[in-house]
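There's a structure below that I have some questions on.
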2 protein chains.
Amino acid sequence: MTTDGANVSERNADRTRSTAGTATETAPGRDPEAVSRFVERFASQLVEAGMQRMPARVFTALLSSDTGAMTSAELGEQLRISPAAVSGAVRYLSQQHMVSREREPGSRRDRYRVHSDQWYEAVTNRDAVLRRWEDALREGVQQLGADTPAGRRIAETLAFFEFLQGEIAQLMERWRARRAELFGEDRARDDRPKG
Amino acid sequence: MTTDGANVSERNADRTRSTAGTATETAPGRDPEAVSRFVERFASQLVEAGMQRMPARVFTALLSSDTGAMTSAELGEQLRISPAAVSGAVRYLSQQHMVSREREPGSRRDRYRVHSDQWYEAVTNRDAVLRRWEDALREGVQQLGADTPAGRRIAETLAFFEFLQGEIAQLMERWRARRAELFGEDRARDDRPKG
DNA sequence: CGGTACTTTCACAAATTTGTGAAGTTAAGG
DNA sequence: CCTTAACTTCACAAATTTGTGAAAGTACCG
């Protein structure tokens, strides 16, 4: 853990400001170590909340990249994980609609992209999850008997989730308005492939 | 559901523990197998959503019990798990405020209880979780630079969670109203100790 | 004070999950 | 076609998690 110490300045560290802040395609004062610290810290929170480790790390790496998109190789290098691990993580994230895959026409490599205007929609849109919960609960009410105390308790739980599902849709609608207000409607442009 | 006047069940519960009797408090039409099927099915959903197995099973067992409360022995017997497993699960659930522990004055055994009006408040009230996420994100904005594309993306994520936190409070307020409308204000009485 | 009835803690074996190297697959460019 | 770059799948070793029996701890009751 201690590790790092003073040491190993990456070539990046050499890059002083003297090199004119202009050609900053690759981010100006981007300290890889700071980025890594954030990635690991936020990913840990996601893991604690139930997400698998690799998907959490890959996702956070994408989230904290300037372009919002990285190749498999970049992800592997930054996170120090094998291509296999990247592949697995990315498959999971795609299934959850948290990242999308892009094929670059000229190249053989894929890019994985997080759309900042879509990823938490995917998270809150855990429609499928809620629906499965509700199915299980409905069945429970039947099996326990709607007129028993237990059945009533389950029915109330079911009603709560049904209520929740409706509320979430409205809530996201409100968020979109507030988001536009805070950041502007065109904010999402950063997340699109470069034009 | 109002109390018409036939408080028969109250006497039933008062049954003193005689030697031979196991907890034969099961309701009449209650098929243990059906109960078990529901418990396992719903618990699986919770596991899939990130909850540990034993807490999920214990919690669902409590949720689908008629009184909303069970002793360690009852839980162990129904779920076929050791006292140690019950202990661990219950500790977790208490920390999450999903069940509460009661000490019966006359007896040496604890009862664990789910309050149907409180457990999903605990779930939606993942205040602590949200706060930790927000902390990590705030730090990320700083480290990445608020004026970088990445920093802006993280800032937007942060804003979303802050928004969410505020919305949830109002949402639960609305739910309480709706719940009263659907089930009556006194619905929660089943979940309280008999007095 | 014990005696006793529970509950909790702890070390550990079993089961599960995780991430890797290597082989396999696909498709872009010659 | 063949080469080659990139991605995916697979078997497995390592690491982690899980649940248990047994010992230890607690607190009620006489």
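Quick note on labels: first sequence line is chain A, next is B, and so on, each numbered from 1.
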Checklist outcome for this item: DNA chain D: first to last nucleotide in contact with chain A (atom under 4.0 angstrom from a heavy atom), 5' to 3', is D:dT4 to D:dT9

Checklist entry - Should A:Glu162 and A:Arg138 count as an ion pair when the cut-off is N to O under 4.0 Å? => result yes

Checklist outcome for this item: Taking for A:Ala85 and for B:Ala73 the nucleotide of DNA chain C with the nearest heavy atom, the one nearer the 5' end belongs to B:Ala73

Item to check | Short side-chain to backbone donor-acceptor contact, B:Ser64 and B:Thr60, under 3.5 Å | outcome: yes

Next on the checklist: I'd like to know if B:Arg108 reaches the base of C:dT4 with its side chain, counting only an N/O donor and acceptor under 3.5 Å.
Outcome noted: yes

Checklist entry - Do NZ/NE/NH1/NH2 and the carboxylate oxygens of B:Arg37 and A:Glu139 come within less than 4.0 Å? => result no

Checklist entry - Any chance CZ of A:Arg41 has more than 12 other-residue heavy atoms, nucleotides or ligands included, within less than 6.0 Å? => result yes

Checklist entry - Taking DNA chain C as the partner, which of residues 50-60 of chain A come within under 4.0 angstrom of it by heavy atom? => result A:Gln52, A:Arg53, A:Met54

Checklist entry - Can you check the B:Met70 CE to C:dC6 P distance for me, whole Å? => result 15 Å

Checklist entry - When all nucleic acid strands are considered with a 4.0 Å heavy-atom cut-off, which category describes A:Gly76: base, sugar-phosphate, or nothing? => result nothing

Next on the checklist: Using a 3.5 Å distance criterion without hydrogens, assess whether the side chain of A:Gln78 forms a donor-acceptor pair with backbone atoms of A:Leu75.
Outcome noted: no

Item to check | B:Arg131 and B:Asp135 ion-paired at < 4.0 Å | outcome: no

Checklist outcome for this item: Between B:Thr67 and A:Arg153, the two heavy atoms sitting closest are C-NH2, 3.6 Å

Checklist entry - So what does B:Gly106 hit on the nucleic acid, given a heavy-atom distance under 4.0 Å: a base, only sugar-phosphate, or nothing? => result sugar-phosphate

Checklist entry - Judged by atom type as modelled, is there a donor-acceptor pair below 3.5 Å linking the side chain of B:Asp110 to the main-chain atoms of B:Arg103? => result no

Item to check | Residue closer to the 5' end of DNA chain C, A:Arg103 versus A:Ile81 (nearest nucleotide) | outcome: A:Ile81

Item to check | Residue-phosphate contact under 4.0 Å: B:Arg109 side-chain N/O, C:dT4 OP1/OP2 | outcome: no

